[in-house]
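Notes follow the structure.
What you see is a predicted model, and the numbers here were worked out from it, not measured in a lab.
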Amino acid sequence: MDDRQLPKWSELRELLQFRPLDLDPVRRRLARSFTISDLRDSARKTTPKSVFNYTDGAAEDEVTLARCRQAYRDVEFIPSVLRDVSDPDPSTELFGRRVDFPLVLAPTGYSRMMHNDGEKGVARVAARHNLPYTLSTVGTTTVEDLAQAVPEGNNWFQLYIAKDRKNTEGLIRRVLDSGYEVLMVTVDTQVGGARVRELRDGLTIPPSLSAKTFADMALHPSWWFDKLTTPPIEFASLRGFGGTSADVADQIFDPGLTFDDIAWLREVWPHRLLVKGIQNVADAERVVGLGCDGVVLSNHGGRQLDRSPTVLRILPEVRERLGDELTILIDSGVMSGSDVLAAVGLGADAAMVGRAYLYGLMAGGERGVERAVEILRGQYVRSMQLLGVKSTAGASRDHVAFTR
């Protein structure tokens with residue numbers, strides 16, 4: 001038998017290098033977050049249930065959301081070996097501007113409900129990373145305030161065409177006057193989807209505090225303090241509207257919206273125009289035929305029509321039919337940098353994320369969004385290198401396939 005002896009303390013001390021205690025709880029939990037799922041776990045713990053469910057949930061039985069995420073799991077990468085990937089370039093070009101990697105931070109409502117840093121915090125992170133950020137019509141920051149807070153940002157605006165066209169025209173003028181150059185019109189919200197989690201929680205803007213909601217919020221003192229010491233939450237561009245997200249949809253969104261309205265919008269908006277909510281090839285071709293600059297393949301993250309198409313699976317055909325000149329973005333189900341790479345390989349110019357950065361916002365405000373973008377970028381670049389691809393432009397259908 002080998003001789004044994006007790007180790008000396010000096011030898012143990014070399015092995016037991018304890019990290020210094022960080023007294024900042026936000027920094028601690030972000031340092032422990034290595035994936036978007038980690039940020040999601042932190043968001044669940046630090047945010048009231050109703051607020052977390054607004055971000056995390058989807059419509060009805062949430063079948064679409066599950067299918068979207070499964071589609072990315074069904075992607076198989078086909079690596080090319082013995083390629084020099086020592087100096088990768090993840091950047092790409094969107095509408096004449098170079099962006100750091102093919103990611104757009106998507107429009108989301110209620111952002112200041114998650115954390116008071118809200119849309120401004122998200123836009124600041126996007127600007128630091130040279131990424132586009134899209135402010136929502138139902139955001140909690142006005143178009144003017146965001147443009148003033150982050151004038152250096154690549155700021156886009158997402159539009160819902162309201163029943164009252166005069167209100168929409170007024171909002172478009174404000175967007176133009178504030179210097180936005182990309183407009184993204186959402187067309188899959190003729191009526192609000194049945195988001196059952198929200199209905200059960202009674203989430204409204206401004207908050208409507210039932211005894212149950214109040215009790216749950218009381219368990220999250222940091223969130224509670226954040227809300228009590230900051231300005232009231234409202235739909236900043238739609239003052240006067242309130243209720244659940246479905247209520248707001250019924251008050252604002254137009255079930256009579258048609259392709260004629262897209263043609264009208266093309267006439268009144270002088271800059272780049274994207275149509276979000278496209279879920280089949282024929283609609284993609286038709287809006288492009290009306291002069292739009294591109295499409296966003298999206299089922300609203302599964303938050304509208306449950307059992308709607310899994311847009312990742314139609315992406316290759318849409319790209320084939322539209323050609324290489326039109327811009328194609330995709331959202332719904334993107335939760336990692338490798339998901340972004342899969343979308344690019346299948347034909348997208350970039351992917352959009354909403355939930356992914358909102359988990360970070362809930363977990364740590366602007367710092368949490370920063371961590372989310374760092375995670376996504378790190379995963380994207382590493383996946384590129386492991387795939388044998390030195391640049392975003394090099395990712396193609398040769399590298400991506402569906403396993404089923």
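Of the candidates R124, R128, R377, E370 forms a salt bridge (charged side-chain N to carboxylate O under 4.0 Å, His left out) with just one, namely R128.
Contact annotation: the side chain of V104 approaches that of W156 to within less than 4.5 Å [non-hydrogen atoms, C-beta and beyond]. The side-chain heavy atoms of V122 and V125, taken from C-beta on, include no pair separated by under 4.5 Å.
Annotation for F225: atom CZ does not count as buried by contact number, only 12 or fewer foreign heavy atoms lying within 6.0 Å. Residue K227 qualifies as enclosed at atom NZ: its count of foreign heavy atoms under 6.0 Å is above 12. Counting non-hydrogen atoms of neighbouring residues, nucleotides and ligands closer than 6.0 angstrom, the CD atom of E152 exceeds 12 such neighbours.
For the residue pair S332 and N299, a side-chain donor N or O sits within less than 3.5 Å of a side-chain acceptor on the partner. Side chain to side chain, S111 and T108 meet the donor-acceptor criterion of an N or O pair below 3.5 Å. A donor-acceptor contact under 3.5 angstrom links the side chains of Y359 and D56, judged on distance only. For the residue pair S338 / Q379, no side-chain donor-acceptor distance below 3.5 Å is found, with atom types taken as modelled. For R371 and S33, the side-chain atoms include no donor-acceptor pair closer than 3.5 Å. Side-chain contact annotation: T140 with E119, donor-acceptor N/O pair under 3.5 Å present.
No side-chain donor-acceptor contact under 3.5 Å links E76 to the backbone of T403. Q304 places a side-chain N or O within 3.5 Å of a backbone atom of D188 that can act as its donor or acceptor partner. When atom types are taken as modelled, the side chain of S178 and the backbone of Y180 share no donor-acceptor pair closer than 3.5 angstrom. In this structure, the side chain of T35 engages the main chain of D38 through a donor-acceptor pair within 3.5 Å. R83 contributes no side-chain N or O that, together with a main-chain N or O of G388, makes up a donor-acceptor pair within less than 3.5 Å. At distances below 3.5 Å, not a single donor-acceptor pair connects side-chain atoms of R29 with backbone N or O atoms of A43. A donor-acceptor distance shorter than 3.5 angstrom exists from the side chain of T392 to the backbone of P90, with no hydrogens or angles considered.
Within the cation-pi definition used here (under 6.0 Å to the ring centroid, within 45° of the axis), R303 qualifies as a partner of Y54. Both tests hold for R313 against F402: distance to the six-membered ring centre under 6.0 Å, angle to the ring axis within 45°.
Salt bridge status for D74 with R404: present, with a side-chain N to carboxylate O gap under 4.0 Å. The existence of a salt bridge linking R195 and D306 is excluded, since no basic side-chain nitrogen approaches an acidic carboxylate oxygen closer than 4.0 Å.
Ring geometry, Y133 versus Y357: the interplanar angle exceeds 60°, so the pair is classed perpendicular (tilted spans 30 to 60°).
Scanning all heavy atoms of the two residues, the minimum distance from L30 to L39 falls at CD2-CD2, 3.8 Å. When all heavy atoms of R40 and F52 are compared, the closest pair comes out as O-CE1, 3.6 Å. Here the closest non-hydrogen pair linking D226 and T230 is O-OG1, 2.6 Å.
Looking at residues two or more places apart in sequence or on another chain, you find no salt bridge (charged side-chain N to carboxylate O under 4.0 Å, His left out) involving E181.
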